[in-house]
**Student:** 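Can you read through this structure? Questions will come right after.
For ligands, and for the atoms within them, numbers begin at 1 and follow the listed sequence. Atoms considered below: every heavy atom in the structure, side chains included; atoms not considered: hydrogens, waters and symmetry mates.
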Amino acid sequence: MPLHGHTVLLTGASSGIGSQLALEIARRKPKTLVLTARRKQLLSTLAAEVKKECPDVECEVVVGDLGKPGGAKTLYEDCTKKGLDITALALCAGIAKAGEFASWPAEEYETMTAINLSSTFVLCRSVLPTMLERRRGKILFVASQTAYAPVPLFAAYAATKAAVLSFAEALDAEVGHRGVGIAVVTPGGVASGGNFDATAGMNVTKLGLGLFGGRILVPYPYERSEDVARAAAHALDRAGDLPRLWPSPVQFTSSITGALTSFRGVLPRWLFARLQGYVMAPGIPKSKGGSGEDTS
Ligand SMILES: NC(=O)c1ccc[n+]([C@@H]2O[C@H](COP(=O)([O-])OP(=O)(O)OC[C@H]3O[C@@H](n4cnc5c(N)ncnc54)[C@H](OP(=O)(O)O)[C@@H]3O)[C@@H](O)[C@H]2O)c1
């Protein structure tokens, strides 16, 4: 049940992992690829790139703000008004707030929760009834390594991603055997070049993670956004394929992240959280990490 013939709605398409994912999805020849985010100009440029590389794929741009109340519902309604019958979802939109939890205004957490988590509920709720009726559909979630254990200085972000992972796994058990393929990827750190780098402190931690108060830097195994995108597109393409060799919907985007996840499993969560906070702290600015606003 590959992507061929599907109409795929991709969120977070304007930059970073999402823009690479758009190209990887297009290369798998869906009927239509719908690109969405807030920055229209970036989406239009990407759509032209998709058209050039994959002329057989119809590419549409639908601008939407998932951080606004009702934003996800409006986005789905706008797609419907354009006659787009969404048969596959790739949920990549996300923002991070790095730094001490109390250093960000409460409203920023409301917006982050809307983008990272609530919009995934609303979009899945919008598409699932038809997918189940037709016994045909695919949903990809872009979660994060931070989903597996508490992460000090990324406390709220990690909580949204843990919820996304839990939701994806539960949904897989609910609908996975009814024709709707669910896939979830959990990338580690990716210096993806977008707003995320600034708000997650990726620009600061690029050299490595600090030990002993930042006096010793150890190289951090950053993943490349194109590799993450390729693995994610493959996971979406294969979602729903039966029989699945491994019953979990989770696909690792690199062997190092896979190994790190297994290592996390042997440590108590409280201990892992403390170790993680110790290692990350020197790379994260003490004050707020950035606005996460439209910078195009
Ligand atoms: N970078 C990493 O280290 C890393 C690691 C693991 C997982 N991830 C996850 O991967 C995904 C992509 O991250 P990235 O590094 O590629 O970040 P990025 O380059 O900053 O991209 C974020 C995407 O989300 C969209 N977005 C942000 N706010 C939005 C809003 N209010 N409404 C609609 N769309 C919005 C942005 O588009 P507009 O600004 O144009 O709206 C952009 O297309 C996120 O879910 C992130 O949590 C990232």
Side-chain angles (χ1 to χ4, degrees), residues 9-22 35-46 61-72 74-76 78 90-98 107-108 110-120 122-123 140-148 151 154 156-165 168 184-206 209 220-229 231-232 252-254 257 260-261 280 283 289-296:
L9 173 63
L10 168 64
T11 71
S14 63
S15 65
I17 297 167
S19 55
Q20 301 280 344
L21 185 53
L35 306 174
T36 185
R38 290 167 303 172
R39 289 171 289 177
K40 190 174 181 184
Q41 188 52 51
L42 290 178
L43 294 176
S44 303
T45 308
L46 179 62
V61 166
V62 181
V63 172
D65 188 341
L66 299 174
K68 288 208 169 126
T74 306
L75 169 64
Y76 183 70
D78 288 347
L91 300 166
C92 186
I95 61 168
K97 299 291 166 193
E107 297 75 35
E108 298 274 358
E110 286 184 321
T111 306
M112 182 172 69
T113 306
I115 299 165
N116 293 8
L117 183 58
S118 311
S119 74
T120 67
V122 174
L123 288 173
L140 167 76
F141 297 86
V142 178
S144 158
Q145 271 292 295
T146 61
Y148 295 106
V151 190
F154 282 92
Y157 170 75
T160 64
K161 291 295 177 178
V164 168
L165 178 59
V184 52
V185 290
T186 57
V190 187
S192 58
N195 280 334
F196 193 97
D197 284 5
T199 54
M202 288 291 169
N203 52 346
V204 183
T205 55
K206 217 162 227 166
L209 295 175
Y220 182 78
Y222 279 105
E223 295 181 42
R224 296 182 333 150
S225 48
E226 52 267 42
D227 294 339
V228 172
F252 292 119
T253 47
S254 86
T257 2
L260 278 174
T261 305
M280 303 278 259
S291 69
E293 283 164 6
D294 186 350
T295 54
S296 68

**Student:** Is Lys161 close enough to touch ligand 1? Criterion: a residue heavy atom under 4.0 Å from a ligand atom.
**Tutor:** yes
**Student:** Enumerate the atoms of ligand 1 whose separation from the nearest heavy atom of Gly94 is less than 4.0 angstrom.
**Tutor:** 22 (C), 24 (O), 44 (C), 45 (O)
**Student:** With backbone taken as N, CA, C and O and side chain as the heavy atoms from C-beta onward, which portion of Lys68 lies under 4.0 Å from ligand 1: side chain, backbone, both, or neither?
**Tutor:** neither
**Student:** Using heavy-atom distances, let me know which of Gly71, Gly188, Gly189 sits nearest atom 5 (C) of ligand 1.
**Tutor:** Gly188
**Student:** Can you tell which part of Ala96 has a heavy atom less than 4.0 Å from ligand 1: side chain, backbone, both or neither?
**Tutor:** neither
**Student:** Within the structure, does Ile115 bring an N/O atom to less than 3.5 angstrom of an N/O atom in ligand 1?
**Tutor:** no
**Student:** Are the side chain of Ser119 and the backbone of Ala72 linked by a donor-acceptor contact shorter than 3.5 Å?
**Tutor:** no
**Student:** So Phe252 and Tyr148, would you call those rings parallel, tilted or perpendicular, with 30° and 60° as cut-offs?
**Tutor:** tilted
**Student:** Taking 4.0 angstrom as the limit and counting only heavy atoms of Ser14, give me the atoms of ligand 1 inside it, by number and element.
**Tutor:** 36 (C), 37 (O), 38 (P), 40 (O), 42 (C), 43 (O)
**Student:** For Tyr222, state whether at least one heavy atom is located under 4.0 Å from any atom of ligand 1.
**Tutor:** no
**Student:** Check this for me - ligand 1, Phe196, N or O atoms closer than 3.5 angstrom, yes or no?
**Tutor:** yes
**Student:** Can you list the ligand 1 atoms lying under 4.0 Å from a non-hydrogen atom of Gly64?
**Tutor:** 32 (N), 33 (C)
**Student:** Could you tell me if the side chain of Cys92 sits less than 4.5 Å from the side chain of Ile17, heavy atoms only?
**Tutor:** yes
**Student:** Please check if the side chain of Asn116 supplies one atom and the backbone of Lys161 the other of a donor-acceptor pair under 3.5 Å.
**Tutor:** no
**Student:** Any atoms of ligand 1 less than 4.0 Å from a non-hydrogen atom of Asn195? List them with their elements.
**Tutor:** 20 (O)
**Student:** Kindly indicate whether the side chain of Leu10, heavy atoms from C-beta on, has any atom under 4.5 Å from the side chain of Thr36.
**Tutor:** no
**Student:** Compare all side-chain heavy atoms of Tyr76 with those of Leu123 and state whether any distance is below 4.5 angstrom.
**Tutor:** yes
**Student:** I need the Leu91 CG to Leu9 CG distance, nearest 0.5 Å.
**Tutor:** 7.5 Å
**Student:** Is the backbone N or O of Pro187 less than 3.5 Å from a side-chain atom of Gln145, with the two atoms forming a donor-acceptor pair by type?
**Tutor:** no
**Student:** Numbering the atoms of ligand 1 from 1, which are under 4.0 Å from a heavy atom of Ser144?
**Tutor:** 6 (C), 7 (C)
**Student:** Drop me the distance from Leu46's CG to Ser14's OG, to the nearest 0.5 angstrom.
**Tutor:** 8.5 Å
**Student:** For Asp65, counting its heavy atoms only, list the atoms of ligand 1 lying under 4.0 Å from any of them.
**Tutor:** 30 (C), 31 (N), 32 (N)
**Student:** Quick one: does ligand 1 sit under 4.0 Å from the side chain of Ile95, the backbone, both or neither, non-hydrogen atoms only?
**Tutor:** side chain
**Student:** Side chains of Ser254 and Arg224: is there a donor and an acceptor less than 3.5 Å apart?
**Tutor:** no
**Student:** Which of the atoms in ligand 1, numbered in the order shown and given with their element, are less than 4.0 Å from a heavy-atom of Leu66?
**Tutor:** 30 (C), 31 (N), 32 (N), 33 (C)
**Student:** Report the distance from atom OG of Ser19 to atom CG of Leu42, rounding to the nearest 0.5 Å.
**Tutor:** 8.5 Å
**Student:** At under 4.0 Å between heavy atoms, which part of Val190 makes contact with ligand 1: side chain, backbone, both or neither?
**Tutor:** both
**Student:** What atoms of ligand 1 come within less than 4.0 Å of a heavy atom belonging to Cys92?
**Tutor:** 11 (C), 12 (C), 44 (C), 45 (O)
**Student:** At under 4.0 Å between heavy atoms, which part of Ala13 makes contact with ligand 1: side chain, backbone, both or neither?
**Tutor:** backbone
**Student:** Taking Ala93's backbone N and O only, do any of them form a donor-acceptor pair with Thr11's side chain (distance below 3.5 Å, no angle check)?
**Tutor:** yes
**Student:** Got an N/O contact under 3.5 Å between Ile17 and ligand 1?
**Tutor:** yes
